[in-house]
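Have a look at the structure below, then the notes.
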There are 4 protein chains.
Amino acid sequence: MAGVNKVILVGNLGADPEVKHLEGDKVVANLRLATTEAYKDRTGNRVENTEWHDLELWDGQAKVAEQYLRKGSQIYVEGKIKSDTWQDDQGNNRKKVRIRVLSFTMLGSKNMGPDNPSSGSGQTAANPESVRGNQMAQQPSFENEEDGSDDLPF
Amino acid sequence: MAGVNKVILVGNLGADPEVKHLEGDKVVANLRLATTEAYKDRTGNRVENTEWHDLELWDGQAKVAEQYLRKGSQIYVEGKIKSDTWQDDQGNNRKKVRIRVLSFTMLGSKNMGPDNPSSGSGQTAANPESVRGNQMAQQPSFENEEDGSDDLPF
Amino acid sequence: MAGVNKVILVGNLGADPEVKHLEGDKVVANLRLATTEAYKDRTGNRVENTEWHDLELWDGQAKVAEQYLRKGSQIYVEGKIKSDTWQDDQGNNRKKVRIRVLSFTMLGSKNMGPDNPSSGSGQTAANPESVRGNQMAQQPSFENEEDGSDDLPF
Amino acid sequence: MAGVNKVILVGNLGADPEVKHLEGDKVVANLRLATTEAYKDRTGNRVENTEWHDLELWDGQAKVAEQYLRKGSQIYVEGKIKSDTWQDDQGNNRKKVRIRVLSFTMLGSKNMGPDNPSSGSGQTAANPESVRGNQMAQQPSFENEEDGSDDLPF
DNA sequence: TTTT
DNA sequence: TTTT
């Protein structure tokens, strides 16, 4: 039975992307994304609740993330839940949940162009929006290439 | 049969909100939201395609929109498709589609606090984020109050 | 600015798909989908509210729809809002909103296999699920091919 | 910063709901939901990939799940990702991810009314659709009551 | 009419 | 452990 497994997130990166260049031109980027919700509890105090998500991006999207995303970047993400399961040293079943990103969009980048360099850690992200546009257009087969197959090198 | 009718948009306002204060404390805000996608056509030229959406917000959300949203504001929107149908002067069946907003979030407002006043049209939106948080917490029954019933004054 | 324009629907078809085979192997299918929400009004009476959506599918998905969907079929749909604008005979600006379907899934088809022929209008939809699986796998580039470009023949 | 944390699933239950009635009228239901995607690998063989999700429902929704959902039931789910973190016996940081359900809809139940009793495990779910409609209408404050506050008894 |  |  075909199902649906969809995740939509808007949040900010807790750190710069961690990118690994693998054999065979494969690239993977891991991001930590925080989504925060605010509400008032029963006594009227404002409370913030932050959930941290482990995102995984591959190849073309990983390269875009490496080039343009930094700690603090706000992004919109679409993806799916994907878990790895294994047994640990004590023989216990373990499970790690990640969000496999299928597409993402940088948000609020109005002030992040070349004239407004982000004070990020490391190199500066310049003109991310037009590049994102190019990226999406240049790699029209990205989503399908990856979606479903998951023939990943580890 | 219960169904699902869900719309998710990220875009920018084409104009300031149009807000009407109605009898019985009812407030309605109408927004024009542009969602733009960019791609390359077959000849490699970058093409932009913009879709304009008519958004409708009520009461608490309409007031927040009135106070903090301006032409150009970038927002994340969740809502549902809602159409009005009628007959025009010639007796033709007409239909107008709107997005009934159930929740929205201002985006990229990291730099829009009191220290970074937006150069919007008209009054300045100050510190929208904390207010949005308060708003959502102060009106915990907003979504349900409105969702489904649609007992609107016109 | 890259935006997001996403629609998610679960509903039932109000009629069999209308399919047109165009020149150049192009195929378009138009579906009418009803999404119904039920709620109780202020006096406690159960009320149903049905919204009708005009769906548009192209090529591979249109063929799947033609072959397997019938009046009454329940489907999950993902797509985007897409409007056509023009001037009518009186010179008035007119706008028609459609949902451009990017992917769909048949639901509740447990009882719709060859042994449980749907009593639909016209031909019988046989074993839709496995075909849907094949379809999605055989046409891995379907989504991207269509998404964004919209180089449609009319 | 207000964020977005949204999950949309369509799948089948791997087992009957596990329901606990807690002190103070609190009820929690835990479901195991399978979402399966099918595709063809590079050699053309059909491959199925199933992801298992741990769902958590509270109070009104938990009661509806207890009454109408069974092993094999197909549902549409909307919720958010919610993780618990703790230290295990060895002092290692552990994390468990669940989907906190905010709303759900039974699918394909057209044939599951009293005249078509599901041959489920245990008691029979009768006429789930109208009940779901009633449920949603009778508990208009359900979503907001729970969403965000998470003042749960453990 | 937005945004880049 | 579901579903097809």
Side-chain angles (χ1 to χ4, degrees), chain A residues 1-5 68 85 93 105-116 126-134 136, chain B residues 9-18 30-38 46-55 69-75 107-108 120-121, chain C residues 1-5 85 93 105-116 126-134 136-137, chain D residues 9-18 30-38 46-55 69-75 107-108 120-121:
Chain A
M1 163 69 67
V4 174
N5 173 359
Y68 296 108
T85 56
N93 289 322
T105 298
M106 296 184 65
L107 299 173
S109 50
K110 192 165 46 180
N111 307 307
M112 290 181 65
D115 297 345
N116 294 284
N127 199 14
E129 295 203 273
S130 62
V131 175
R132 182 180 65 252
N134 286 346
M136 290 169 69
Chain B
L9 305 172
V10 174
N12 300 83
L13 297 191
D16 288 358
E18 291 186 7
N30 289 283
L31 312 181
R32 290 279 288 167
L33 184 79
T35 58
T36 302
E37 58 180 343
R46 187 168 186 271
V47 185
E48 278 202 352
N49 195 21
T50 294
E51 181 72 34
W52 287 97
H53 309 269
D54 291 304
L55 310 186
L69 299 185
R70 294 292 173 273
K71 179 178 177 175
S73 294
Q74 187 185 34
I75 58 175
L107 299 174
S121 54
Chain C
M1 164 69 67
V4 174
N5 173 359
T85 56
N93 290 321
T105 298
M106 296 183 66
L107 299 174
S109 49
K110 192 164 45 180
N111 307 308
M112 290 182 66
D115 297 346
N116 294 284
N127 198 14
E129 295 204 90
S130 62
V131 176
R132 182 180 64 253
N134 286 347
M136 291 169 68
Chain D
L9 306 172
V10 173
N12 300 82
L13 298 191
D16 288 358
E18 291 187 8
N30 289 282
L31 312 181
R32 291 278 287 167
L33 184 79
T35 58
T36 301
E37 58 179 342
R46 187 167 186 271
V47 185
E48 278 201 352
N49 195 22
T50 294
E51 182 73 33
W52 286 97
H53 309 269
D54 291 304
L55 310 186
L69 299 185
R70 294 292 173 273
K71 178 178 176 175
S73 294
Q74 187 185 34
I75 58 174
L107 299 173
S121 52

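All heavy atoms count here, side chains included; hydrogens, waters and symmetry mates do not. Throughout, a chain's letter reflects where its sequence line sits, starting with A, and its residues are numbered from 1.
- Atom P of nucleotide E:dT4 and atom CG of B:Leu13 are separated by 13 Å, given to the nearest angstrom.
- In this model, a side-chain donor or acceptor of D:Thr50 finds a partner on the base of F:dT2 within 3.5 Å.
- We find that CG of B:Asp54 is positioned 16 Å from P of E:dT2, with the value rounded to whole Å.
- Following rounding to the nearest Å, B:Lys71 (NZ) and E:dT2 (C1') show an atom-to-atom distance of 8 Å.
- Across the protein-nucleic acid pair, D:Arg46 atom CZ and F:dT3 atom C1' stand 10 Å apart, rounded to whole Å.
- D:Asn30 meets the side chain to side chain donor-acceptor pair (under 3.5 Å) test with no other residue; sequence neighbours excluded.
- Taking atom CG on B:Leu107 and atom P on E:dT4, their separation rounds to 13 Å, with Å as the unit.
- We find that CD of B:Gln74 is positioned 11 Å from P of E:dT3, with the value rounded to whole Å.
- To the nearest angstrom, C1' of F:dT2 lies 13 Å from CG of D:Leu9.
- We find the CG-CE distance between B:Leu107 and A:Met106 to be 13.0 Å, quoted to the nearest 0.5 Å.
- Panel note: side chain C:Asn5, backbone B:Leu9; no donor-acceptor pair is recorded below 3.5 Å.
- Spacing between atom CG of D:Leu55 and atom C1' of F:dT2 amounts to 12 Å, rounded to whole angstrom units.
- Distance check: B:Thr50 OG1 to B:Asn12 CG gives 9.5 Å after rounding to the nearest 0.5 Å.
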